[in-house]
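In what follows, a single structure is set out as structure tokens and then discussed.
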Amino acid sequence: MSFISGVISRQVLPACGSLCFFCPSMRARSRQPVKRYKKLIAEIFPRNQEEGPNDRKIGKLCEYASKNPLRIPKITNSLEQRCYKELRNENFQSVKIIMCIYRKLLVSCKEQMTLFASSLLSIIQTLLDQTRQDEMRIIGCQTLFDFVNNQKDGTCMFNLEGFIPKVCQLAQETGEGERERNLCSAGLQALSSMIWFMGEHSHISVEFDNIVSVVLENYGGPRKNLENLNGAQSRWVQEVLKNEGHVSPLPDVLITVPSWGTIVNEKGELNVTAEDAKNPCFWSRVCLHNMAKLAKEATTTRRVVESLFRYFDNENLWSLQNGLAFPVLKDMLLLMDSSGRNTHFLLSVLVKHLDHKNVLKQPEMQLQIVEVTTSLAQDSKVEPSVAILSAVSDVMRHLRKSIHCSLDDATMGAEIINWNRNFKEAVDNCLVQLSHKVGDAGPILDAMAVMLENISNITVIARTTICVVYRTAQIVASIPNPSYLNKAFPEALFHQLLPAMVHPDHETRIGAHRIFSVVLVPSSVCPQPSSVTPVTNKASGIPRTLSRTVSVFSSSAALFEKLRKEKSFSRENTCLENKENVASEGELKNSNNGILNRLKSSYSRAYSSRSLPLPLATDETPLNNSNTESEANSLRLSSTQISLLLSSIWAQSISPQNTPQNYEAIAHTYSLVLLFSRAKNSGNEALVRSFQLAFSLRSISLNEGGPLPPSRRRSLFTLATSMILFSSKAFNILPIVYCTKIALTERMIDPFLRLVEDRKLLAVNAASDQPTNVYGSKEEDNLAVKTLSQIQIAPEQRRETLASEIVKSLGSLSEPELSTTRAQLLNEFLPDDVCPLGAQMPTDAPHRVYQAGAEENKSIKEANVLAPPSKF
């Protein structure tokens, strides 16, 4: 039967076809269809192996495949089988033609790619395995590059994972020859497309660390050109950069890398010059650019940069001058910035890398990472962000750690001491740069409050914490503060400073006053990156660590000097004979504006966008060249804050652990409270409370049965008398000013405290002149008892007399109001219940303090005067 059918089909039907030529169904072409794709494939291959493929036939085959998608599997199967055959026969020219056909199919049949993807990937895998034929491996990489670029979705994502190890191995070919460069370029070219594909579909391969390693090994090629520079020339360039304030290393010989859309055209084909196509450095930078685009959100960014960091750690490439970390991360930073992503996150992750286990035990690497962070921060934009604030907080923590380590310098070797000093300076510089990139002092002030929260009672930890917060306050002083412009002192920081001001450690209390002063009056200090010195265990260790050029406690003296000049000008224009007249209400308003809004800085600052702020040399007078200096950017104090500060000052003043420096700090803060309270429209509450505080402290100082040692009572008397003087000057009560001044200046009451120009209480180091005099010693207490026994309050200096003078100055009030004010002035000062008084002070301390010497107060002689009263 089969024989009969064969005869009919071979002999009968062809004869009918020649006769019935009008019937389409009887035509030979329809009865015995020719496999056209096989004919097209055969026509593509030239008869002479030296000739190239027939491009026209390739085009027809692709057109045929696009119009007959069901034929595509048969077409590719035929090509695949022939490719394997040609490889076995080592007919590599035919293999090139087959791969050329596949690459044309990728462009023509994108929508039907799933029909031949497995076939092509199988061929690519085979080509990459041809270890003895470099040309075949290069063609395999180039075909893989085209295949990835023409993908429409992530269907083949996991199929491509298997190619990464082989492609990376190809890209790791070492050597300077043309063969090695071609292989390396082909591998990196394929990797660049795979990294781009990961970014398009938000997928990071498990082999990403291997990819990063290969990319970075070829990234540093241009830096090798720098090694050819003359040594003297290199040193000259570095010196010039250093003198100009640049801290970045020598510039790289950068290769211009176009965008991915320029490298790959719309058809998914390569569009670069032949020179760039064979340059491994070019493709390594293309890979890095695609990695930057891959880092779209926090998760992928962290994954990318952590792989980079691991490579830098393993290869020890963090050196700012010779390492690879800075140019790579700078490139990443600029690419992220150009694409509109937050570059601060990169800085934040880099700072957190200091705590990585690979870095913790390598101090030199820690120093290098901090230097790289500082240099990168210079190139980032100014913008408040959560990431940059996190970086600032972490750097503050590292600064605290470095200061803490410096405490044990005496027991360490010279090498460790030198490293710790360098690390501390580097962290300080990094803190300066990061703080300026926030662009707003408000968030940093909040970060300072967080660090002060629950400050430790352990002396060393408390001192280092205060030291770091004070250093940060110095840096923040030069940053604009729009968050708190024309607003009260930051509440979060304020409520953390109050407990610090009554901390058991006297050094910590002084540091809290310094922080308060710098934040309230930023112009009182200028940042000095190199001014951080180690905390010592000595009593004078912390207070002077960050202000060696000028004391931060000079701002209140500057305000008082401003007030004196304005009042002197006012009296010249009114009546020179009447010295007892107080300033008019309008003059008070003008003086308030002059003090708080026109306070001049004691420093002239010169900043640039790429250099650290460096203060100019100045003297200790904070008002020099007031016509040319910028206006102060002071904050305000609310009524509640003023009341709490006065209560805190009361608690601090009666502490038996105080030193002369503590009394100096208290006097300065008290003066600032007075000057800033004058701008409040809350009646006479601040006036009454301030005088009430000063009178009460004077009474406590004269109580022989009180809880304070004699030397502290003597200093407290000097402090209280100075507070009366400052209050009188602030509220322009001239009779009290003159008599109080005489009481302090006629004779030396306390050798450790001195009044400077009626504006400032200064701690004097009397022990330097008389080594036997140690503050608080038994000998000093005996001298203090003798001095206190000679103090007798004159009638003009009694509380009742001073209260009458104060009431006189309030002539605009009614009689009932004046009577109430007088009664309040005669009462003892009681601190607010909500104000922290310190762990060492019980809740009923105010009543105990005032009852301790009540009997002694009744027997105080008031007949003799300390000095004859002046004529007012």
Side-chain angles (χ1 to χ4, degrees), residues 457-460 462-463 466 500-514 535-545 551 553 648-670 696-723 744 747-755 760-791 837-842 845 848-849 852-853 856:
N457 288 329
I458 301 175
T459 300
V460 174
R463 291 186 180 187
I466 283 291
M501 287 181 175
V502 292
H503 194 274
D505 177 51
H506 65 280
E507 300 280 354
T508 302
R509 297 199 296 272
I510 295 173
H513 284 278
R514 292 181 178 276
V535 181
T536 63
N537 294 323
K538 299 180 181 179
S540 59
I542 285 185
R544 302 296 178 181
T545 53
S551 174
F553 293 149
S648 179
I649 287 173
W650 180 89
Q652 299 169 53
S653 301
I654 61 176
S655 172
Q657 285 81 31
N658 280 338
T659 64
Q661 288 78 15
N662 287 103
Y663 293 112
E664 177 189 359
I666 293 170
H668 175 73
T669 300
Y670 179 81
S696 298
L697 292 179
R698 189 177 68 171
S699 300
I700 294 172
S701 68
L702 297 175
N703 291 345
E704 296 181 5
L708 296 179
S711 58
R712 267 74 179 185
R713 288 199 295 120
R714 181 181 62 185
S715 298
L716 183 60
F717 177 82
T718 305
L719 172 66
T721 309
S722 301
M723 291 166 66
L744 285 174
R747 55 178 295 183
M748 177 181 292
I749 299 176
D750 191 342
F752 294 90
L753 291 173
R754 176 168 57 91
L755 184 66
K760 176 183 177 182
L761 190 65
L762 180 65
V764 180
N765 188 10
S768 60
D769 299 330
Q770 302 177 5
T772 58
N773 289 355
V774 178
Y775 188 79
S777 63
K778 184 177 180 180
E779 295 79 7
E780 195 59 38
D781 282 344
N782 293 334
L783 293 176
V785 170
K786 181 178 180 181
T787 302
L788 290 170
S789 64
Q790 297 175 354
I791 297 177
L837 302 180
Q840 70 276 14
M841 187 172 294
R848 292 185 181 181
V849 170
E856 287 79 358

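All residue numbers in this chain count up from 1 along the given sequence.
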Check: [Y] and [X] side chains under 4.5 Å, non-hydrogen atoms:
X	Y	value
P751	R714	yes
L719	S653	yes
I666	R509	no
I466	D505	no
S655	H506	no

Please report the closest heavy-atom contact between [X] and [Y], naming both atoms and the distance.
X	Y	result
G776	R712	CA-NH1, 3.4 Å
R713	I700	CD-O, 4.2 Å
P709	P656	CD-CB, 4.1 Å
A462	T508	CB-OG1, 3.6 Å

Mind checking the [atom1]-[atom2] spacing from [X] to [Y]? Nearest 0.5 Å is all I need.
X	Y	atom1	atom2	result
H503	T459	NE2	OG1	7.0 Å
I649	I654	CD1	CD1	13.0 Å
L702	L697	CG	CG	11.0 Å
T669	Q652	OG1	CD	7.0 Å
H513	S648	NE2	OG	6.5 Å
T659	Y775	OG1	OH	7.5 Å

> side chain to side chain donor-acceptor pair (under 3.5 Å) with Y670: which residues, sequence neighbours excluded?
Replying inline: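 With neighbours one apart ignored, the set is S727.
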>> Please enumerate all residues that pass side chain to side chain donor-acceptor pair (under 3.5 Å) together with S711, with sequence neighbours excluded.
In response: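 With neighbours one apart ignored, the set is D781.
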> Do S789 side-chain atoms and K786 backbone N/O form a donor-acceptor pair below 3.5 Å?
Replying inline: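 Checked: pair present.
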> Sub-3.5 Å donor-acceptor pair from the side chain of R698 to the main-chain atoms of A720, do we have one?
Replying inline: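 No; judged by distance alone, with no hydrogens or angles, the pair does not exist.
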> How would you list, by chain and number, every residue that makes a side chain to side chain contact (heavy atoms under 4.5 Å, CB included) with T718, sequence neighbours excluded?
Replying inline: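 Checked T718 against side chain to side chain contact (heavy atoms under 4.5 Å, CB included); matches are S722, L744, I749, D750, L753, L761.
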